[in-house]
Amino acid sequence: MITGKMFRDGIISASNNIANSRQAVDALNVFPVPDGDTGTNMSMTIGAAAKEMSVLPDDCTIGEASNRCASALLRGARGNSGVILSLIFRGFSKAFKGLDEAGGKAVAKAFSEGVDAAYKAVMKPTEGTILTVIRKASEAAQERVKIDDNPIEVCHMALRAAKEALARTPEQLPVLKKAGVVDAGGQGLVLILQGFESVFDNNTLVQPVKGSEITPVSIPDKSTVANASGDIKFGYCSEFLIEKDPSAKEKDAIRLRAFLESIGDCVVVVDDSDIIKVHVHSNQPGNVIQAALKYGQLINIKIDNMRYQHRNAQEGVKEGEQPIVPEAEPINEYGFVAVCAGEGLTELFKDIGADIVVSGGQTMNPSTDDILNAIMATPAKTVFVLPNNKNIIMAAEQAIPLAEGRDVRVLQTKTVPQGISAMLMFDEGEDADANQMNMMEAAENVSTAQVTFAARDSEIDGRTIKQGEIMGLCDGKIRFIGKNIADVAYRSADRIFKKNQSSIITIIYGEDTDEKTAKEVEKKLRAKHGDDIDIRIVDGGQPIYYLIISVE
């Protein structure tokens, strides 16, 4: 039988295993654009679950462990691969619900539930990916359990099938075959299953390799900014998780929130199925702890003296990151959360109405929890979320059912210019449905050119690309390769310009280029299309992309 302890240790072992190989998995990405790579995203996603597992006792049930794991994965999911991974384990949790231990039939059912959850989340499933690998693993598990109810043997057969399916992915996706690699997401899943195997076979956890750690993106805490310019009314920041006790004196988390609001501010009380997440600023951290203990035992306790931190910050000592954005009361009808990277773009989104800007984008995808915290920090009943990157949309959508008391609308904006145009189309006089439709229509009318560098040697559509070459992407597809930023940018912008239709061009330059380069592109565009077009130049300060150019 597979116990809760074995599942717990398996998650930790799996997390270490993929973290040790995450750079190798990242290198499997065929598309040469520097991005929030698959290995990194999957590692950070399961790393969130491993942290949660590390506080579980040895006598936990597999139902408890899998439920806690699924919750942590959901909140920690980054990128499309991380979201799919979280859905697979959500299926596992469904199959293990209420069980103390799992036999072969329960394990086979877990794989089946995981496959169903993953496939349902993808509108157009592509074979030769992580989806194929988990499906083949599940099919093997179903066949094995017919002749042997030993759960370890069922897992062995699932892993063997997963490895075989991974090896066949180049035959299913020509782009993988050309590059001579297997699918990155599938490889990540195999590494995770191998981490479990080490525990199931040898009762040995894969150990982390030094240097495999990842520093995640964090959302700036608005209270940090406020405290830097005024007196701190409540000096202690308390954060912890309450592991609910069914026999506890108190069970209603609303009562806890009411008490905390009576003695402090910046109160966050998130009531999950088995835990309550708490954050509060107060002058009485002891009273906070005593009140929380009435609901169950406390884990991950963190109490900071903010006056001391503030003094250190003034003296040049770097302040620790604040993982939770204080929740705001939904007093406004509408609010906005945007995702972008770069000081200039952050200020631009704030200027056009964004309440919270989540730091992240191409190279570091924010997690579902990052986006959820931003939603809850937005003082609005209806919150529009603009991911502004195709690899962030799924993570943002996972936050929708978690945002208690908010009507969350995730707009499928794939680029920063699409997000900007969508926000500018917002009309406070319209209802949420009309705004959502009009904003997406505006976004879809924007064509985007992006100029970056090749992060790796690659071959796309028969074209050889060398690491370091300048690439011009037009609406996500690589169209131009060259050595000169301005030349590639001009050709890319010219390709998406529609004669007699386009009238506005915006050139956003990043941290690794300058206004001079942007003006050089402007000059070439005016020479081709005349002075009647409106060309705007913006200092975005974005990383990775030398220039982002929108045409409307």
Side-chain angles (χ1 to χ4, degrees), residues 1-21 42-43 45-47 49-70 72-73 85-86 88-115 118 130 133-166 186-209:
M1 300 293 279
I2 297 177
T3 65
K5 178 181 181 296
M6 292 167 68
F7 184 90
R8 176 199 71 183
D9 293 348
I11 288 290
I12 296 170
S13 179
S15 175
N16 290 340
N17 201 40
I18 190 171
N20 293 344
S21 301
M42 294 182 75
S43 179
T45 298
I46 198 165
K51 184 177 180 181
E52 192 76 15
M53 293 296 98
S54 67
V55 300
L56 287 181
D58 287 351
D59 62 355
C60 64
T61 68
I62 195 168
E64 293 167 345
S66 62
N67 185 50
R68 289 280 288 274
C69 172
L73 281 168
L85 181 65
S86 75
I88 291 170
F89 277 90
R90 188 189 297 179
F92 283 18
S93 173
K94 186 176 179 181
F96 294 147
K97 185 177 181 181
L99 298 182
D100 293 336
E101 300 175 334
K105 290 180 181 178
V107 170
K109 182 180 179 183
F111 274 101
S112 179
E113 294 281 5
V115 170
I130 184 175
V133 175
I134 187 61
R135 179 168 56 80
K136 290 297 184 181
S138 176
E139 290 172 358
Q142 313 311 315
E143 289 302 312
R144 182 66 186 185
V145 80
K146 292 177 182 177
I147 59 174
D148 188 351
D149 192 45
N150 184 326
I152 304 302
E153 287 302 315
V154 172
C155 289
H156 281 321
M157 293 305 296
L159 175 57
R160 182 186 300 178
K163 289 178 179 177
E164 292 172 354
L166 176 65
Q187 179 66 80
L189 180 62
V190 167
L191 287 166
I192 286 168
L193 295 177
Q194 287 175 326
F196 274 94
E197 183 181 53
S198 180
V199 172
F200 292 172
D201 283 0
N202 308 310
N203 197 28
T204 302
L205 277 72
V206 174
Q207 296 302 308
V209 174

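For the atom pair CZ (Phe92) and OG (Ser66), the distance works out to 10.0 Å, reported to the nearest 0.5 Å. Rounding to the nearest 0.5 Å gives a distance of 8.0 Å between CD1 of Ile192 and CD1 of Ile11. Within the model, atoms CD of Gln142 and NZ of Lys109 stand 11.0 Å from one another, a figure rounded to the nearest 0.5 Å. Ser112 OG to Lys94 NZ: the interatomic distance, rounded to the nearest 0.5 Å, is 9.5 Å. Between atom CG of residue Leu56 and atom CZ of residue Arg8 there is a gap of 7.0 Å, rounded to the nearest 0.5 Å. Annotation: the span from Ser15 atom OG to Asn20 atom CG amounts to 9.0 Å, rounded to 0.5 Å.
Across every non-hydrogen atom of Glu113 and Gly91, the tightest pair is CB-O, 3.2 Å. Nearest heavy atoms, Leu166 versus Gly186: CD1-C, 3.6 Å. The minimum heavy-atom distance linking Ser21 with Leu191 is given by the pair CB-CD1, 3.8 Å. When all heavy atoms of Met42 and Gly188 are compared, the pair lying nearest together is CE-C, 3.8 Å. Ala161 and Ala137 make their closest contact through CB-CA, 4.1 Å (heavy atoms, listed as atom of the first residue, atom of the second, distance). Pro151 approaches Met1 most closely through the heavy-atom pair CG-CA, 3.8 Å.
Applying the ring-ring contact (aromatic ring centres under 6.0 Å, His included) test to Phe196 and every residue at least two apart in sequence or in another chain returns Phe7, Phe200.
Under the 3.5 Å distance criterion, the side-chain polar atoms of Asn67 are left unmatched by any main-chain donor or acceptor of Ser93. Side-chain N or O atoms of Ser54 include one that pairs as donor or acceptor with a backbone N or O of Lys51 at under 3.5 Å. Under the 3.5 Å distance criterion, the side-chain polar atoms of Asn17 are left unmatched by any main-chain donor or acceptor of Val206. Using a distance-only test at 3.5 Å, with no hydrogens or angles considered, no donor-acceptor pair links the side chain of Asp100 to the main chain of Ile62. Judged purely by atom type and a 3.5 angstrom limit, Thr45 has no side-chain atom pairing as donor or acceptor with the backbone of Leu73. The closest donor-acceptor contact from the side chain of Glu143 to the backbone of Ala140 lies at 3.5 Å or more, if one exists at all. At distances below 3.5 Å, not a single donor-acceptor pair connects side-chain atoms of Asn16 with backbone N or O atoms of Gln207. Between the side chain of Asn150 and the backbone N or O of Ile152 there is at least one donor-acceptor pair closer than 3.5 Å. A donor-acceptor pair is defined here as one N or O able to donate and one able to accept, closer than 3.5 Å; such a pair exists between the side chain of Thr204 and the backbone of Asn202.
One finds a salt bridge joining Glu139 and Arg135 here, because a Lys/Arg side-chain nitrogen approaches an Asp/Glu carboxylate oxygen to under 4.0 Å. Comment: Arg144 engages Glu153 in a salt bridge, judged by a side-chain N to carboxylate O separation of less than 4.0 angstrom.
Two residues are said to be in side-chain contact when any heavy atoms from C-beta on lie closer than 4.5 Å; Glu101 and Thr61 fail this criterion. The side-chain heavy atoms of Val145 and Val107, taken from C-beta on, include no pair separated by under 4.5 Å. Annotation: side chain of Asp9 is not in contact with side chain of Met53 (no heavy-atom distance under 4.5 Å). A heavy-atom distance below 4.5 Å is found between the side chains of Ile46 and Ile18. When side chains are defined from C-beta on, Gln187 does not count as touching Val133, because their heavy atoms never get closer than 4.5 Å. With contacts defined as side-chain heavy-atom distances shorter than 4.5 Å, the pair Phe111/Ile88 does not qualify. In this structure, Glu64 and Leu99 have side chains that are not in contact, with every pair of non-hydrogen atoms separated by 4.5 Å or more.
In this structure, a donor-acceptor pair under 3.5 Å is absent between the side chains of Ser198 and Gln194. A donor-acceptor pair shorter than 3.5 Å can be found between the side chains of Asp201 and His156.
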